[in-house]
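The model shown is predicted, which means the values in this text are computed figures rather than measured ones. The figures that follow rest on heavy atoms only: side chains count, while hydrogens, waters and symmetry mates do not. Just so you know, ligand 1 is whichever comes first in the structure, and atom 1 is the first atom listed for that ligand.
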Amino acid sequence: MKITKLTTYRVPPRWMLLKIETDEGVFGWGEPVIEGRARTVETAVREMEQFLIGQDPARINDLWQAMYRGGFYRGGAILMSAIAGIDQALWDIKGKTLGVPVYELLGGRVRDKMKMYSWVGGDRPSDVISGIRKLREIGIDTFKMNGTEEFRMLDSARAVDEAVGRIAEIREAFGNEIEFGIDFHGRVAAPMAKVLLRALEPYRPLFVEEPVLAEQAEYYPRLAESTSIPLAAGERMYSRFEFKRVFEQGGIAIVQPDVSHAGGITECVKIAAMAEAYDVALALHCPLGPVALAACLHVDFVSHNAVLQEQSMGIHYNKGAELLDYVKNKEDFRMDGGYIAALTKPGLGVVIDEERVIEASRNCPDWSNPLWRHEDGSVAEW
Ligand SMILES: O=C(O)[C@H](O)[C@@H](O)[C@@H](O)[C@H](O)CO
Ligand SMILES: [Mg+2]
């Protein structure tokens, strides 16, 4: 079998889908994208296409190594997202060719269902209580929200009280019937991270995510020493080689690689195994589309330490399209009591409505995150 064609579709809300076709008619879907840089990743996929055309899609490991090591400059968000989406599509092709779901090719399921969580509250965490109430009606009991709005490097007791007050209201309203992670989203700098973590302790969040920016990873062990709240990070780390330092230094209890940013299924299965060796949990990051989610689920179903899966249904970014709008087999993504069953169709198990995708890709608006500024006019982390 030989790869004959790669087609990319940038579609609302902010996703990019990749279709890889072969000379035997089998095709696979991937989702190579960095939110806000879809066109840049698209160019990176195009550059890799020259190498890929004519290759045997079954040789996933060799193609991965060639795409990663073939370039003198490697790694980082753009290249690893391009490799990620291509890798996902290659696994889709292999599963379809052999007539089995990808998790069977990775040794089979370690669980019967996977625990999911949902975002509430939006960029500026508001209406969190009503958002939780609505999702509780469909059996979701685990949530994530942003912890703050703009947050200065050295911020006030008032800003801390505002952030903590929102969390206190949640515990007040729901007690311990629900669990929630708080995403600092990299908005909190090292001087304030310990202050905020300490203030949140009494409300026992399930985890705090990106307590500081990934480029400040050396703070993770020190922050972990200062709190009992499990710390999570990983959406802005792109390969085993970045995660290994985090495992070695400690401090992160839950790693969150993104299967569309960190080299795909091939790389994330390896990161998951490394995490297990350090007794670190896995909660794959996935605020993206259905192919990214399907790829995550295949990693979840073969990883003992997979504890939670993010999915983007109703997420504040999904303007212009919802998680399953481009999917034909919507029923396979149904959640029951906050869990999802394995996707058992051959390959990734997601049947893409290509007509819908082609239609949506016409004049697709570019998405980029807002540029926030502090009151003094300086740039604020979004
Ligand atoms: O945890 C999450 O889902 C992420 O922090 C998410 O909010 C960002 O990755 C966003 O997608 C960037 O554009
Ligand atoms: Mg996050």
Would you please determine whether Arg236 falls within less than 4.0 Å of ligand 1 on a heavy-atom basis?
no
Are Arg171 and Tyr203 in a cation-pi contact, defined as NZ or CZ under 6.0 Å from the six-membered ring centre and within 45° of the axis?
no
With heavy atoms of Glu235 as the reference, note each atom of ligand 1 found under 4.0 Å away.
1 (O), 2 (C), 4 (C), 5 (O), 6 (C), 8 (C), 9 (O)
Counting each atom of ligand 1 from 1 as listed, which ones have a heavy atom of Trp382 under 4.0 Å away?
12 (C), 13 (O)
Check Glu242 with Arg245, please: is the shortest side-chain N to carboxylate O separation under 4.0 Å?
no
For ligand 1, note which part of Leu288 has a heavy atom under 4.0 Å away: side chain, backbone, both or neither.
neither
Does His285 approach ligand 1 within less than 4.0 angstrom via side chain, backbone, both or neither, non-hydrogen atoms only?
side chain
Do NZ/NE/NH1/NH2 and the carboxylate oxygens of Asp336 and Lys113 come within less than 4.0 Å?
no
Residue and atom names of protein N/O/S atoms that fall under 2.8 Å from the Mg ion (ligand 2)
Asp183 OD2, Glu209 OE2, Glu235 OE1
Proximity of Trp119 and His316 rings by center, below 6.0 Å
yes
So which of Trp119, Tyr317, Phe184 gets nearest to atom 7 (O) of ligand 1, if we judge by its closest heavy atom?
Tyr317
So for Glu210 against ligand 1, with non-hydrogen atoms under 4.0 Å, the contacting part is neither
Per-atom contacts, ligand 1 versus Pro287 - under 4.0 Å to a heavy atom
3 (O), 11 (O)
For atom 3 (O) of ligand 1, grab the closest protein heavy atom and report residue, atom and distance to one decimal in Å.
Glu310 OE2, 2.6 Å
Within 45° cone of Trp29 ring axis and under 6.0 Å: Lys328 NZ or CZ:
no
Under 3.5 Å donor-acceptor, Glu322 side chain and Leu324 backbone
no
Backbone or side chain, does any N or O of Glu209 fall under 3.5 Å from an N or O of ligand 1?
yes
Can Lys19 be said to sit on top of Phe27's aromatic six-ring, NZ or CZ under 6.0 Å from centre and within 45° of the ring axis?
yes
Lys NZ or Arg CZ of Arg14 over Tyr317 ring: under 6.0 Å, within 45°:
yes
With a cut-off of under 6.0 Å to the ring centre and 45° to the axis, is Arg240 in cation-pi contact with Phe243?
no
N/O of Trp367 under 3.5 Å from N/O of ligand 1, yes or no?
no
Answer yes or no: is there a donor N or O on one side and an acceptor on the other, between the side chain of Ser226 and the main chain of Leu223, under 3.5 Å?
yes
Specify the protein heavy atom at minimum distance from atom 13 (O) of ligand 1: its residue, its atom name, and the distance to 0.1 Å.
Arg14 NH1, 2.9 Å
What atoms of ligand 1 come closer than 4.0 angstrom to any heavy atom of Glu35?
9 (O), 10 (C), 11 (O), 12 (C), 13 (O)
Counting the benzene-type ring for Trp, do Phe180 and Phe207 have ring centres under 6.0 Å apart?
no
Check for me whether Arg37 meets the cation-pi criterion with Trp367, that is, NZ or CZ under 6.0 Å from the six-membered ring centre and within 45 degrees of the ring axis.
no
Look at ligand 1 and say whether Gln256 reaches it with a heavy atom at a distance under 4.0 Å.
no
Less than 4.0 Å is my threshold; does some heavy atom of Asn369 fall inside it relative to ligand 1?
no
Do the rings of Tyr238 and His261 sit parallel, tilted or perpendicular, given the 30° and 60° boundaries?
tilted
